[in-house]
Novice: 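Sharing a structure with you now.
We're numbering straight along the sequence, starting at 1.
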Amino acid sequence: MNATIARLSAQALLGRRRGVVLLVIPALLIGLAVLLRVLTDADGGYDAVLTLGYTLALPLVALLAASAVLGPEIDDGSIVYLLAKPVSRHVIALSKFVVAWLATLALGALPLVVAGLIMDSGNPRRALAWGAAGAVAGTTYSALFLALAAVTRHAVVAGLLFVLMWEGLLGGLLTGIKWVSIGAWGRQVGYRFSARLDDAFLPLSYAVLAALVVTLGALWLTGDRLRSFTLRGDE
């Protein structure tokens, strides 16, 4: 990893309007948890709040973070100045991934734990289960969306369609989708912490291996895609 690239990526992430949106998303989730905790009993809105945070807030944070650390540089052409440096393209990809990943963990996975504790402070294991699920899914989302940002200028649109259609609509309707759903992989890991998180469906080893393969594959694709750029811009 290149520390300078990571620092510049973090500045780009926090210095743009997307950085404000990144802070708003977890704030809304936690605010909703506080509101429902006051208005309902302990279990009244727990699943609704945490499912919303996991299936929508978490991937949105990952999408915005991943697209913010790479997308603007490609859009305005400044990526060519970075690629002119004697730095491995895969090191660049890894450096940007680490920034997006840390932002996703802090603003996507951690708020799930906080919201869970607010909704039911007497069951921290359940909240930690959601956090573990969010960490696994958020890691894979970050890598996948970073690859999308490297492949297409419409990464945000493509990512939204993926989250809403594949992970959301189809994932909820078709049981078999769980085998190729990032959200389902994360839930299976979280299930090992608390059986109340979700019904066991996938083998844990499969869920972990699938998340690892997609994460590493997406990082390799990002680095390989960056190698296809020239000093004149995107081919």
Novice: A side-chain contact here means heavy atoms from C-beta on lying under 4.5 Å apart; do Trp166 and Val180 qualify?
Specialist: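 With C-beta onward as the side chain, the pair touches.
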Novice: Apply side chain to side chain contact (heavy atoms under 4.5 Å, CB included) to Gln188 and Tyr206, showing your working.
Specialist: CA-CA 9 Å; Gln188 189 59 43; Tyr206 172 84; over 6 Å; no
Novice: Is any side-chain heavy atom of Leu60 less than 4.5 Å from a side-chain heavy atom of Leu160?
Specialist: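 Counting from C-beta outward, Leu60 and Leu160 do come under 4.5 Å.
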Novice: Considering only heavy atoms from C-beta outward, does the side chain of Phe162 approach that of Leu144 to under 4.5 Å?
Specialist: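 In short, these two side chains touch, coming nearer than 4.5 Å.
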Novice: List the residues meeting side-chain contact (heavy atoms from CB on, under 4.5 Å) with Val208, not counting sequence neighbours, and say none if there are none.
Specialist: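 side-chain contact (heavy atoms from CB on, under 4.5 Å) list for Val208, sorted by chain: Val189, Leu204.
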Novice: Do side-chain atoms of Trp130 reach the backbone of Arg187 as a donor and acceptor pair under 3.5 angstrom?
Specialist: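 Not confirmed, Trp130 side chain does not pair with Arg187 backbone.
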Novice: Identify every side-chain donor-acceptor pair in residues 21-29 under 3.5 Å, counting partners at least two apart or on other chains, and give the distances.
Specialist:
none

Novice: Only counting residues at least two apart or in another chain, list the ones meeting side-chain contact (heavy atoms from CB on, under 4.5 Å) with Leu212.
Specialist: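 For Leu212, the residues satisfying side-chain contact (heavy atoms from CB on, under 4.5 Å) (neighbours in sequence not counted) are Leu216.
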Novice: In chain order, what residues pass the side chain to side chain donor-acceptor pair (under 3.5 Å) check against Thr215, with sequence neighbours excluded?
Specialist: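 Once residues adjacent in sequence are excluded, the partners of Thr215 under the side chain to side chain donor-acceptor pair (under 3.5 Å) criterion are Thr140.
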Novice: Under 4.0 Å between a side-chain nitrogen and a carboxylate oxygen: does that hold for Arg126 and Asp47?
Specialist: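 Judged by the 4.0 Å cut-off on N to carboxylate O distance, Arg126 and Asp47 do form a salt bridge.
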Novice: Would you say Val163 and Thr55 make side-chain contact, with heavy atoms under 4.5 Å?
Specialist: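 Not in contact.
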Novice: If we ignore hydrogens and angles and just use 3.5 Å, is the side chain of Lys96 paired with the main-chain N or O of Val69 as donor and acceptor?
Specialist: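 At least one qualifying donor-acceptor pair exists.
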Novice: Between Tyr54 (side chain) and Gly183 (backbone), is there a donor-acceptor pair under 3.5 Å?
Specialist: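 A pair under 3.5 Å: yes.
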Novice: Who passes side chain to side chain donor-acceptor pair (under 3.5 Å) against Trp101, sequence neighbours left out?
Specialist: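 With neighbours one apart ignored, the set is Thr139.
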Novice: Check Ala137 against Leu58 and note the closest heavy-atom contact, atom names and distance.
Specialist: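 Closest pair (atom of Ala137, atom of Leu58, distance): CB-CD2, 4.0 Å.
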Novice: Would you tabulate the side-chain donor-acceptor contacts of residues 102-110 under 3.5 Å, counting partners in other chains and residues two or more places apart, or write 'none'?
Specialist:
unit_1, atom_1, unit_2, atom_2, d
Thr104, OG1, Ala100, O, 2.8
Thr104, OG1, Ser142, OG, 3.0

Novice: Going by side-chain contact (heavy atoms from CB on, under 4.5 Å), name the residues that satisfy it together with Leu128, two or more places apart in sequence or in a different chain.
Specialist: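 Expected list: Val113.
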Novice: Does atom CH2 (Trp179) have a neighbourhood of more than 12 heavy atoms from anything else shown, all under 6.0 Å?
Specialist: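 Yes, the 6.0 Å shell around CH2 holds more than 12 heavy atoms from other groups.
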Novice: Does anything in residues 20-36 form a side-chain hydrogen bond (donor to acceptor under 3.5 Å, both in side chains)? List the pairs, not counting sequence neighbours.
Specialist: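 Listed once each, the pairs would be none.
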Novice: Has Thr51 got a side-chain atom pairing as donor or acceptor with Ala48's backbone, closer than 3.5 angstrom?
Specialist: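 Looks like no, no N/O pair under 3.5 Å.
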Novice: Checking Leu209 now: which residues fulfil side-chain contact (heavy atoms from CB on, under 4.5 Å) with it, not counting sequence neighbours?
Specialist: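 Partners of Leu209 by the side-chain contact (heavy atoms from CB on, under 4.5 Å) criterion, ordered by chain and then number, come out as Val213.
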Novice: Between atom CD1 of Ile177 and atom CD of Glu167, what is the distance when rounded to the nearest 0.5 Å?
Specialist: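 One finds 9.5 Å between CD1 of Ile177 and CD of Glu167.
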Novice: Run the numbers on Val156 and Leu148 for side chain to side chain contact (heavy atoms under 4.5 Å, CB included), then give the verdict.
Specialist: CA-CA 8 Å; Val156 173; Leu148 276 179; over 6 Å; no
